Every structure is written in structure tokens, then in C-alpha cells.
Amino acid sequence: MLHIVACIKQVPDTKVAKINPKTNTIDRASAPAILNPYDAHAVEEAVRLKKRYGGVVSVLTMGPPPAVKAIRKCIELGADEGYMISDRAFAGADTLATSYALAKALEQIAKQRPIDLIICGKMTIDGDTGQVGPGIARRLDIPPLTGVNKVVEINKEKGYAIVHRKLEDGYEVVKSTLPCLFTVEKEINDISFAPLPNMIKAARYYPTIWTANDLENVDRKQLGLKGSPTIVSKIWTPPKPKGGEMLEGTTEEKVEQLLSIVLEKKELFQS
Amino acid sequence: MPEKFDCIVVGAGPAGTACAYELAKAGVNVLLLERGEYPGSKNVMGGVLYRKMMEDIIPEFYKEAPLERPIVEQRFMLMDKESAVTFSYKGLEWGREPYNNFTVLRAKFDQWFAEKAVEQGALLVCETVALECIVENGRVVGVRTDRPDGEVYADVVVLADGVNSLLAKQLGFHREWRPDEVALATMEILKLDKKVIEERFNLEPGQGCTIELLGDATKGILGTGFLYTNKDTLSIGVGTLLSGLIKHKIKPYELLEYVKNHPMIRPYLQGSEPVEYLAHLIPEGGYHSMPKVVGDGVLVVGDAAQLVNAIHREGSNMAMTSGRLAAETIIMAKTYNDFSESMLDHYRLKLMESFIVQDLKKYKDATHHFDAFPQYFERYIPLLNRAASHMFTVDGASKWEKQRKIWRDLGSMKEKLKLARDVFKAWEVMK
Amino acid sequence: MNLADYQGIWVYIEVKDGKVAPVSLELLGAGRKLADKRGTELGGVLIGSGIKELAPTLFAYGADVVYVYDDPIFAHYRTEPYMRALLHCCQKYKPEVLLYGATPTGKDLASAIATDLPTGLTADTTILDIEEDTGLLLASRPAFGGNIMATILCKKYRPQMATVRPKVMKALPPDPTRTGRIVEERIELREEEMRTKVLEVVRQTVKKARIDEADIVVAGGKGMGSKEGFQLIHELADVLGAAVGASRDVVEAGWIDHHHQVGQTGVTVTPKIYFAIGISGAIQHIVGMQNSELIIAINKDPNAPIFQSCHYGIVGDALEIVPLLIKRFKEEIPKLKASADAKEEIRHA
Ligand SMILES: Cc1cc2nc3c(=O)[nH]c(=O)nc-3n(C[C@H](O)[C@H](O)[C@H](O)COP(=O)(O)OP(=O)(O)OC[C@H]3O[C@@H](n4cnc5c(N)ncnc54)[C@H](O)[C@@H]3O)c2cc1C
Ligand SMILES: Cc1cc2nc3c(=O)[nH]c(=O)nc-3n(C[C@H](O)[C@H](O)[C@H](O)COP(=O)(O)OP(=O)(O)OC[C@H]3O[C@@H](n4cnc5c(N)ncnc54)[C@H](O)[C@@H]3O)c2cc1C
Ligand SMILES: Nc1ncnc2c1ncn2[C@@H]1O[C@H](COP(=O)(O)O)[C@@H](O)[C@H]1O
């Protein structure tokens, strides 16, 4: 019986989000909150491994109360349990403080049911760093395996996992001891269409919610804004480029002009 | 084992949500199925929501619901190519409690309303399409969805799946709608600064105005256009019977472009930016097209039951009321544990007694009449515009002379008689 | 923590197939500027097996000092041993700034180190600067899907760390006469204690020119209308001997594999010629191709933002223009080749 925990985050859909030009912040009203798309793949992989080897999938998120919705989405995808840590003390966390809080929550979860494997998304579309996953692994002192695009084998009895890690020009096959942490690429799986019973279960589901006080041995100095070494000092809109020269004339004329511009670089075509 | 609920409601529009809300409030175990990503995500409406029918469900909803503007003025423009005769009513009593109606954006409103139903205990499942009713021994006992393991059962199923109601059609409750029974409406939401809207439409901050557009707005095809004020957007659209579009071989978006560029309308829209383009059918068959609305273990509400008053652009109110009446019937049926057609028929009787069927009856021949006699839109509205132009142009001719000219403009004696007859007939179908 | 104890600008040197990765050379270029402004040394940290001889290359590209950890245990990149070595180096020599390429390896290593030191880490930086007197690193990066830029500081912790996007910074022209100090270091690591093992490395050679190495990239967007329409992009690329690129929407529509995606969440390319055809020019796309030498845009919307970011633009229907281009290039390119061959022969003669 494997216990796999996927770390997930609710994020504003940056694809449709608009930026408030006055404050340079994201206009929350314009951006529906969604489950971070990369994390959906993390949950999907956890559920597939559960189907392959048997076990339990939990999901964990740190976020404001509406993030319950993101947990419900994971229940739809087939997760069994949801945990959420939510407290003003966590607000303003950068990746270092986030991985600290999540690691503490994972320790708490592990007390109820030891964890064999943690899966994170490649990155979030709002934070966009990919740093939280490896950060959690370091804090729990387990091996981080980033860029996983295939899980070859998990062997709980012998205590190892074999995966493919994506490289720029191929992949490497890596064997790691368990427990360990994966961050997964989108291509690792296709999200399956959730069955109706999961949808109904999710609509009813209410996760376990912990505040900072519910976590044990927490050093409050390491939480939230206080525990974050990085600060955003300035936000600005990148200046608009000047724009290029427009070719005029009939279609044929435009094509001829373009031809001569391109063929000027003749060295590219002579080899 | 598939789950069994007391009731499944298909479709989280105003009809379905109203029904689910009332049921959940009464402690009925109800599943609300919606195919959209969230309720309202794909729903379309010009945007006038009536206060009364909504308050029958949630009193004082306007204190928290995401509404755009309370309407204080309703204008009607009878348009020709370069002119319009406009009449309007503006009443400040509409600008304060208890209000008359509001503009809404359905994507926001439906979502809020569904959340209210969930608060009452309804179970909302989105992104799930009901494919068909499960029928056993002639009784509807559940719904089959597009998801794996997608069957779910209930004592009674409410079809609130909107104008096309595939589910009611599969049950044989109605046939394919004819092109003269449904209107195709296209609309755009245009972004415009709050202050500009208020200046342009002569409004106090926060108040709203609706303009119905008749005549050249639809190039004379039977239908209407509308221009409504929202908080910081405008809704502009046109809806015409499908039959009219087919006959005139015109594409709906061309009509929308036409009205947006109409010289009577363009100045209202200047400087606005489109943020959304929407299209939807409106059931306009009215009383004559009402399908069967009850069966063993099943009820049909809202647009699915063709409950729209096309003349007064009322639909959402009828949807909500029908949803509420369906809920009342189901609650009663539950006490007797009898969900047969004869028990559920109480719903149909309630509908008949309510303003819904009364209004549908009143206008039962109106759409057909105007559809059959295109001269109203094609000829009389321009005529009215010319008359107004003659009368109000000061060019030295005496008013007597002007009246004579208008009289002549009405055509031969035969045409005049026909006009008189048409006016009488229009009165007949509308009265 | 006494901030004044920390000195020097460092670059983590990534090694690939026995060579210094291009991004590390770019970072030496950027780091050199920071070090000069701050009046301090530029260091490189070189970890690997049999990599000592790469040090002169680093000097040539601007490094003053190179810290070397050369041991068979470092044969393949693995987080654990690399992290131990780099932590050791940081703790011993206390750099003020430490930069990594925002590559899979760079990001992996940087995230782990940041947690253990601990210190702040800014991801995917595209603009770097430093305050001369305080040594505060100003690391700027696109945020919220590239819609805005954010400058991120790390005031109270050292070293200040950032990963930097490949192909954004410029390497200096190499100066083979430059030399510097080599500091050789060792740490005690035993293979038996390592929790991960690399069993196999599989290179997947792509048949066509790799998109991030190609001289010409022909990229198509949603404007091609359909998967069939997108075939025209392939055809044009074939004629030009170019690689095929795509916008994200095209990848999501399933018209082409995601390896071809150009932009913020795809690859960054800097070819000699970049064609953007039927691509609207969303900022997330632009950041992946804006440094191309010559950018040509074809779009039927005269107001498409792509025209703001191109050198030459054509307003028109791609489905009409691209076939014409294919036809004309098919005619002209062989002529160019022939004339080149002719010249060659004349030279020989
Ligand atoms: C352009 C336009 C302007 C209008 N203007 C007004 C106006 O100003 N005032 C007014 O009162 N009325 C107006 N109406 C009419 C009004 O919108 C409708 O009468 C009203 O929305 C009907 O509500 P309903 O709940 O019956 O249907 P809908 O609002 O259509 O809701 C049906 C719901 O069912 C869901 N659904 C459908 N099929 C399935 C399925 N198989 N499985 C699961 N879910 C399904 C849909 O996604 C939808 O959420 C307008 C309509 C249009 C098109
Ligand atoms: C976090 C985040 C990361 C992202 N990362 C990336 C990324 O890495 N790469 C990327 O590309 N995008 C990325 N995007 C998506 C990006 O915002 C755009 O949605 C995407 O680039 C749009 O693709 P497109 O230009 O092909 O499509 P569209 O925006 O739909 O543009 C199609 C264009 O084709 C033109 N056109 C239509 N028909 C024709 C015709 N017949 N002839 C000529 N022109 C025609 C249209 O005028 C239009 O300009 C990202 C978004 C987010 C939020
Ligand atoms: N607030 C959070 N709660 C839970 N998991 C998170 C949170 N933030 C980040 N993660 C995980 O860390 C991964 C990388 O995030 P990031 O470093 O923000 O790009 C995500 O894909 C998640 O798996």
C-alpha cells in the first residue's frame, strides 16, 4: 500500500488574467481560479500509480479558504484525501517559506500515515519557479527527482523507484531510494476524464484544514512574509517594441520583396 | 452501485437552479447537473432579470447578488435607415427598493445563484453532460451522463436543459423546433467606462437603461435588437426568427454588425471594445409550441418547456417561476411517495394558473401574426418615421399641409384600409 | 549573518558532453559586468569528472578564479553530490552572488542549495544588475505568464542567487590570453551513500534540425486554421531547410508536438531568420523569439501585436501567401545553390 501525496496549488488562470495597469497586479476578478495545470498531472500520476500498485493518494495545498475548490478538483481526478493549510501567517510566502510550511504539513500527514512518495508539478503558472518541489525534498531530506516524464517502477518492499528524467536532448533513467519526491512534466500523462462517482464525491468533499497552530514544531519566523528572503521591489510592464517595416503592394509584390530580403542571407541557402 | 438521489435537476440555468434551491431548502436530496465549466459559463441573455420572481425564491437577493444596474428607463426605438421614433418611460421609483428589474451578466449571476442552491444543500456537479434519461417500464428513473460510470438514479428528474432540450425530445415530449418557433440571438458585450455609460445614457451613477430596437435594427426581419447598460459594459444584440434569417439569406453576425454600425446606434457604442461574443436560441413558439411538460418521474421547466414571452423579452422570470412550481410539486409528491405522471400533473396545473401560461396565451398568436405579415416591420415602421419627419421638419409648410402629405404617403385608399385592418389585427393579437 | 563577509560574483558552470554549456558562458559575460561594477572577482564553480581542463575556457570568457571539484562521483549530474560540493564551496568561500543557467540542471541544483543555505532564489531571470555600493542584486523576471516584469531582491541573506534564462545574456568574445587562479577542492563522498543512481542516459536524436539550434525557424500559429493548413508551415520549412516552430495554442490544439513550442513555456530560439506566420504575438510567445536576427511576420490582422516585434511584416492571408512563398523559394533557392557551386568551380579552376 503506497501513500502518495501530491502538492497542488490554486492559481489565477494567467491565460485569461488581465493586469491592472495602475497597480501592475493581476486583476483577480478577471482571472478564474483554477487548479495549477501542472499539478493536475501530478495528481493524475499519483492516481495512476495507486491503480497500479494499490494505495492511497492525498493532496496537500497551502492557500486561502477558496482553494478548497482546487482540492475538490483533485478528488474528481481520483485523490482520496485532501489537506489544506490556511492561515494569515502563511501569507506572502516565497518559495523558501512555502516549502517550509508544506514540509511541516507533510510531516504531520506522515504521522497519520507514512508517506512513500511526494509528487509536485513542474511549476506553478503564477509563481512560475519550479523551486518549491525540490525545496520540500531538501527540508524532508529525501531525494528530489525533477523533470520526471515516466515512472518505470515503484517498489515499496525493496524501497526504490525508477523513473525517466527529462534532459534537454533525451532522458536519463534514474533509480532512487524511497521515500522521494518527483516533480513531473506535463507529458508524463494525459488527464483522464473523471468518472461520475468521483464528481459526486468531490462535490460533497470537505478537506482537513490546518492553521499554523495545528502544525507541530513550527518556527514562526520561517513562515510567510517573515520567512521569505526574496522581496518583490518593483513591478513594471515591459516597454512595447517599436514595430517593424510593413511590406506594401499586391500579394505578389509583397512576396517578391520578402523573397529578396530572405535570400540576401544567401550563405544560409548555399550549403 | 450507482447513487440514487431524491431528485436530479439537469441544467443550472435560472429554471434548474430555482428548482434545486427550493428542493434543497425543503431537505430534498437533489443533484444539480450542469454541462458548463461552471453555471452560467455558456449561458446567454440580453440581460434583464425581473426582481419579483427572483424574490419569490430569495427575498432581498439584490442586496448581495452580482447585478449590473437597476433599470430606471425603458426605451423603444422604431428604426428606419437614418431615423428612429423613440418612446420611453423613465421612473425613478424603479431606481430604489423594491426595484423593478436589473441588468445581469449571466456568467456571474448564474454562478452566484447556483452557489446559493449549494448552500441550501444541493449537490452541484459541473462539466457533466446529461445524455439521456434512463427509462424503466415507461418511467424516468435517472440520467445517463457522458462520464465513465455515468449513470445516476432518482425518484424524479427535472429537465431544465434549456431551449434545445435534447432530453425532452428523446422522451418524445416535443419534436424538432420549426424555424418559425425559435429565434437565433447573437450579442456582444462591449467594454466601456462607467462614467461614459452614465453620461451617454443620461443616468445617475449606478442606474441603468434598456433600449429595445425594432424595425431597421433587424433590416426589417421579424425580431428585435437590444442595447442594455451594465456596470462597465454594454450588451448589444439582435434576435430574429430562424425562418426570417433563412428567408432573407442573412447570417446572424452580419445582422449584429449591421445594428452596431447603424447611425442611430453607433454613437452609443463609440470607443467601446468587444470583450465577448455570444449566440443562443430563444424559444418563441409560445403557447402553441408548449411541449408535454410532465411524465412519469419527469418534469420540464424553463426554456425547455418553451416558456418565453417573446413580445416582452421575458424568459428568466418564467424559468424561475416554473422551477419553483416544479419544486413545490415534487415536495408534495414526496410526501405521498408518488412520482407518477398524474401526481406530477399538479405542476402543469400550477403553470396554467400562473402568469406564465396566462401571458403565453395572451400573445399566443402574436409572433405568428407578425411573421405571416411582414409589412409591419418592413413597411409601417419606415412609414411612421417618415410621418414624424414630415411633422417635425419646419420648412414653412403648414401643419395642415403636412398632415395631408402624410395621409398621401399612406398610399392608395386600398392600402390605407389595409393599414387600418393591420393595426386592428395587431391590437387583436396583442390585447 | 555578516553581509560584508560575502564577496565575489559566481557562476555555476554547467558541463555537458565534456564541454561548457553555452548558458554558462553567457552567464560569465553577464557576471563579468556585475563583478566590474562591484569591483570584485568573477568566479566559476566547476563540478564534474575529468573537467579540470575546462578552466582555461572559463578564463577566456571572463572568469578570474575557478573552483574545481573533480571526482568520478560527479560523472553524471545528480542533485545530492553536486549539492554537497557546491554547498561546501559556498560555505568556505562565501560568494556575494551566485548565478545558474535556468536549465533543468541549473534549476534543480539551485532550488536544493537555496533551501540548505538557506537563501533567496529568483527564477528565470532575464535582466540582471547590481547596486555598486551595497552589492544588492537586482534580478528581474517576467511574472504572471509574462504579462509584467518584476524586480526581485534578497536583502538580508547571502549569497543572492538567481537562475537566468539561456540565450538572454551575451557571452564575451573569448580572450585566450586571459588567465586566472584555479582552486582545487575535494569533499568526502561515498558512492554507497548516494541515494540516487543514474542507470542510463538516452539521447534522442531528432531527425530535423533542432529548433533551438536551427538557423531558420518557420513558426506557425492558430491563424493557419487547421492541422491541414499547418502543413504549409512544414512545407515552407522543408524548402528553406528550416526547423518548424509553433505557438502554444497550436501545440494545445494537437497540430504539432510540444517540442516545437516557442516561448515562455517552450524553447527560446535565436535563429538568423524567424518566420511568425498566423501568430498573434502574445508576450509569452515573443519572449521566446525576440532575439532572433531577422523576424518576419505574416498576419491578416494589421493590428496584430506581432507586427510590433518584427523587422518586416506582411498583412495578408497566410493560406494564400505561404503557397506563393513555397513556389518562389523552390524556384530561387536552387539558383542560389547553382551560382555558389559555379563560383566554387571558378575558384578551383
Ligand atoms: C440573447 C438573449 C436575450 C435574452 N434576454 C432576456 C431578458 O432580457 N430577460 C429575460 O428574462 N430573458 C431573456 N432571455 C431568455 C432567457 O435567457 C431564458 O428564458 C432563460 O435563460 C431560460 O432559463 P433556463 O434555465 O430554462 O435555460 P438556460 O438558461 O438555457 O439554462 C439551461 C442550462 O442547462 C445546461 N444544460 C443544457 N443541456 C444540458 C445537458 N444535457 N446536461 C447538463 N446540462 C445541460 C446549460 O448549460 C444551461 O446552464 C434572453 C435570451 C437570449 C438568448
Ligand atoms: C503562462 C503562460 C505561458 C505561455 N507560454 C507560451 C509559450 O511558451 N509559447 C506560446 O506561443 N504561447 C504561450 N502562451 C500562450 C499565449 O498567451 C498565446 O495564447 C498564444 O501564443 C497564441 O497563439 P497563436 O498566436 O497561435 O493564436 P492566436 O492568438 O489565436 O492568433 C492567431 C493569429 O492568426 C491570425 N490569422 C488568422 N487567420 C489568418 C490567416 N488566414 N492568415 C494570416 N493570419 C491569420 C490572427 O489575426 C491572429 O493574430 C502562454 C500563456 C500563458 C498564460
Ligand atoms: N501553495 C502551494 N501549496 C501546495 N503545493 C505548492 C504550492 N506552491 C507550489 N506548490 C508545488 O510546487 C510546485 C512548483 O511550484 P513553484 O515553485 O511555485 O513553481 C507546484 O507545481 C506544486 O506542486
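Note that the coordinates shown come from a computational prediction; the quantities given were computed from them, not determined experimentally. In what follows, chains are A, B, ... by sequence order, proteins preceding strands, each numbered from 1.
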Just one of [options] clears the side chain to side chain contact (heavy atoms under 4.5 Å, CB included) bar with [X], so which one?
| X | options | result |
| --- | --- | --- |
| B:R139 | B:D296, B:V298, B:I134 | B:D296 |
| B:I8 | B:L33, B:L32, B:V30, B:V156 | B:L33 |
| B:M45 | B:V104, B:L278, B:T103 | B:V104 |

Can you classify the ring geometry of B:F109 versus B:F61 as parallel (below 30°), tilted (30 to 60°) or perpendicular (above 60°)?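 Because their plane-to-plane angle is over 60°, the rings of B:F109 and B:F61 count as perpendicular.
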
Residue by residue, which of residues 65-83 of chain A have a heavy atom closer than 4.5 Å to a heavy atom belonging to chain B? A:K69, A:K73

How far apart are the C-alpha atoms of B:K260 and B:L269, what are their side-chain angles, what is the distance that settles it, and do they pass the side chain to side chain contact (heavy atoms under 4.5 Å, CB included) test? CA-CA 8 Å; B:K260 278 172 65 188; B:L269 311 182; 3.9 Å; yes

Who among B:L31, B:D146, B:V118 has the most heavy-atom pairs with chain A under 4.5 Å?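 That would be B:D146.
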
Contact summary for A:I125 and A:P12, nearest pair of heavy atoms: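 Heavy atoms only, the tightest pair is CD1-O, 3.8 Å.
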
Taking every non-hydrogen atom, the tightest pair across A:D39 and A:I8: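 Reported closest heavy-atom pair: OD2-CA, 3.3 Å.
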
Chain B heavy atoms under 4.5 Å from A:A202: which part of the residue, side chain, backbone, both or neither? neither

